[in-house]
Amino acid sequence: YRVIKLLKKCTKYDRKKDDQKLFPDDTFRNLICIMSPPSHCFITSLLCDSFRHLKLCHRYYITKACLCRQILEKARKDRKDMRYTIPDYYRQFRCAAGQCEDTCCAGWQIQIDERSLGRYARLKGRAGRKLRRSIRWRQRIFRQKEGKRCVFLNQDNLCDMYTELGEKSLCRTCRLYPRHIEEFEGIREITLSLSCPVVARLLMNREEPAAFPACEKEGEEEYEEFDLLLYSALADAREVILYILQNRAVPAQAREQRMLALADEVEKNYMEGTLFSCQELFDAPGRAEATGKPGGAGDNEARMGRRFCFMKKMFAFLDTLELLREDWKSCLDETRALLYSEADAGYAATCLEFGAWMKRYMPMWEIQSEQILVYFISVYFCGAVYDGRISAKAKLAAVSRMIIEEMLMARWIKNEKTLDTEDIVETVYRYAREVEHSDKNVNRLESLMEKVPSNLTSYVSGFVPPCTV
């Protein structure tokens with residue numbers, strides 16, 4: 001990763017000046033210094049060959065990309081450290097255990113990893129016999145009691161296995177949740193899942209912009225192959241997107257539109273094989289400036305009409321996804337009945353009234369929306385290195401914020417036009433549970449986002465008017 005960051009400091013090749021160097025001298029020296037000694041000669045000869053090739057064909061981007069991939073391939077073999085990133089609020093998390101209003105030990109099936117299954121099979125004594133009777137071995141899940149409660153969850157909402165056998169007895173799922181880990185070769189990104197009520201409350205009550213410090217530790221693991229050059233571009237794009245989203249001097253709607261536009265441009269460059277030109281996007285002056293300003297009343301009315309049609313179809317699509325909690329369907333049905341049963345004119349009037357109320361009584365919603373967008377981008381954006389769905393992941397972040405906003409508007413109507421922070425917390429973690437905890441649901445939503453044109457998303461993804469500032 002450090003190698004590719006240095007490579008991106010390369011000067012552009014000028015066809016009129018054949019003697020221009022591809023790398024500034026200080027960058028070249030830094031590049032050599034951070035590589036392990038056996039690779040010095042390899043890189044030196046590689047760069048010399050590249051310089052000669054540039055003077056012959058002037059194909060700057062193609063040569064540069066090939067060069068970087070060869071250097072990175074060598075660097076990945078020499079790397080010994082593992083890079084970890086965590087959000088700065090990570091250590092503030094404390095499990096509510098028996099006090100949790102919506103325990104993670106009920107409502108869904110808990111998958112058991114291979115290593116834990118082996119330990120459970122070998123455990124001796126009475127505890128071992130009880131444990132083995134509590135597992136569905138073919139499905140590799142724990143049995144459940146009435147109400148889809150885990151067989152080990154007692155009346156006090158505490159885990160009997162943890163109480164009797166200790167923390168080390170837990171399977172990987174129970175031991176890690178709500179920690180979410182995205183793994184890339186040599187890089188491990190650890191976050192807290194928004195599907196946990198405690199995490200949702202922590203994030204929705206936070207006013208400061210989230211930060212993601214990194215550290216390195218010794219360690220080496222094998223992961224599936226991926227394009228390091230693409231990952232580097234995605235990591236840089238994510239850094240710029242987070243900067244844009246957290247620049248509160250710019251209206252929230254404009255920040256969201258800029259995020260979508262940037263993700264779309266990065267995907268176009270990836271598809272065209274010109275990833276290095278992404279650096280021009282990242283270094284462009286005024287990158288945090290809005291690409292468009294919220295429109296007037298007439299524009300809002302037209303946008304609300306488009307939003308009505310779009311969200312009505314989105315909630316119909318959500319009905320077709322894998323259902324993890326039975327009460328989720330009633331939430332979707334309630335939102336549809338309260339918002340989409342009338343014509344779009346009634347919806348537009350409701351949006352205007354709701355937007356004015358939120359601006360007056362819940363001004364924190366703009367910051368909470370920012371935290372939601374930052375969460376989805378920080379967790380999932382770089383995963384596009386495996387599937388190439390760069391723009392789709394940004395669109396899903398925006399649409400997720402919209403869905404949560406729609407459900408809050410429905411609850412506002414149900415509560416006789418009032419809301420509090422706990423309503424927001426509950427809506428956020430319930431949506432995250434249904435989406436994040438099903439790979440099938442995430443995949444289907446991202447597939448749908450690929451079919452949504454970027455300009456349509458920009459038209460409908462703005463905040464409910466009046467737009468907050």
Side-chain angles (χ1 to χ4, degrees), residues 252-253 256 260 294-295 297-359 362 365 368-369 372-373 376 395-419 423-424 426-435 438 441-442 444-453 455-468:
Q253 181 176 322
E256 190 173 276
L260 294 167
D299 182 67
N300 277 336
E301 186 178 344
R303 184 164 56 82
M304 285 301 101
R306 291 191 294 268
R307 178 169 175 142
F308 175 82
C309 296
F310 181 76
M311 296 311 299
K312 188 175 182 179
K313 291 178 182 177
M314 275 304 308
F315 273 86
F317 182 80
L318 289 174
D319 246 351
T320 69
L321 298 179
E322 181 182 11
L323 187 66
L324 302 185
R325 297 279 184 112
E326 292 297 331
D327 58 353
W328 176 246
K329 189 175 185 338
S330 63
C331 289
L332 297 179
D333 292 340
E334 182 179 87
T335 302
R336 272 197 303 272
L338 290 170
L339 297 183
Y340 311 124
S341 58
E342 299 180 8
D344 58 348
Y347 173 83
T350 302
C351 284
L352 286 167
E353 188 180 358
F354 176 67
W357 187 91
M358 289 290 280
K359 185 175 181 179
M362 299 286 288
W365 172 239
Q368 292 165 334
S369 297
I372 292 169
L373 290 169
F376 279 100
K395 291 175 191 174
L396 182 56
V399 171
S400 293
R401 185 202 59 73
M402 290 172 63
I403 291 170
I404 291 169
E405 191 173 60
E406 294 287 295
M407 297 185 77
L408 286 174
M409 185 156 55
R411 178 168 288 202
W412 174 75
I413 295 170
K414 181 183 176 182
N415 293 350
E416 297 181 351
K417 299 185 178 181
T418 185
L419 280 178
D423 289 319
I424 295 175
E426 183 182 343
T427 304
V428 166
Y429 79 71
R430 290 182 76 175
Y431 170 79
R433 279 191 176 184
E434 290 297 319
V435 173
S438 170
N441 287 350
V442 173
R444 288 195 61 199
L445 280 166
E446 287 184 353
S447 296
L448 179 67
M449 293 300 105
E450 287 186 300
K451 301 173 185 176
V452 175
N455 60 343
L456 175 62
T457 310
S458 298
Y459 280 144
V460 301
S461 68
F463 284 55
V464 167
C467 298
T468 53

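Computed over heavy atoms, backbone and side chain alike; hydrogens, waters and symmetry mates excluded. All residue numbers in this chain count up from 1 along the given sequence.
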A side-chain contact here means heavy atoms from C-beta on lying under 4.5 Å apart; do [X] and [Y] qualify?
| X | Y | answer |
| --- | --- | --- |
| Ile413 | Leu339 | yes |
| Arg336 | Asp319 | yes |
| Met358 | Leu419 | yes |
| Met314 | Leu445 | yes |
| Leu324 | Ser438 | yes |
| Ile424 | Trp365 | yes |

Looking only at heavy atoms, what is the nearest atom pair of Thr335 and Glu406, with distance?
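The answer is CG2-O, 4.1 Å.
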Is a side-chain N or O of Arg444 found less than 3.5 angstrom from the main chain of Thr320, in a donor-acceptor match?
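Side chain of Arg444 to backbone of Thr320, a donor-acceptor pair under 3.5 Å: yes, one is there.
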Keeping Lys395 on the side-chain end and Val452 on the backbone end, is there a donor-acceptor pair under 3.5 Å?
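Flag set: sc Lys395 to bb Val452 pair under 3.5 Å.
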Which word best sums up how the rings of Phe315 and Tyr340 line up, parallel for under 30°, tilted for 30 to 60°, or perpendicular for over 60°?
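Taking Tyr340 first and then Phe315, their aromatic rings sit tilted (interplane angle of 30° to 60°).
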Passing candidate, ring-ring contact (aromatic ring centres under 6.0 Å, His included) with Tyr347, options Phe354, Phe308, Phe310:
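That would be Phe308; it is the only one of Phe354, Phe308, Phe310 passing the ring-ring contact (aromatic ring centres under 6.0 Å, His included) with Tyr347.
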Using 0.5 Å steps for rounding, measure from the CD atom of Glu405 to the SG atom of Cys351.
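Taking CD in Glu405 and SG in Cys351, the distance rounds to 8.0 Å.
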Tell me whether Glu434 is salt-bridged to Arg430, with the criterion being a basic N under 4.0 Å from an acidic carboxylate O.
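Answer for the salt bridge query: no.
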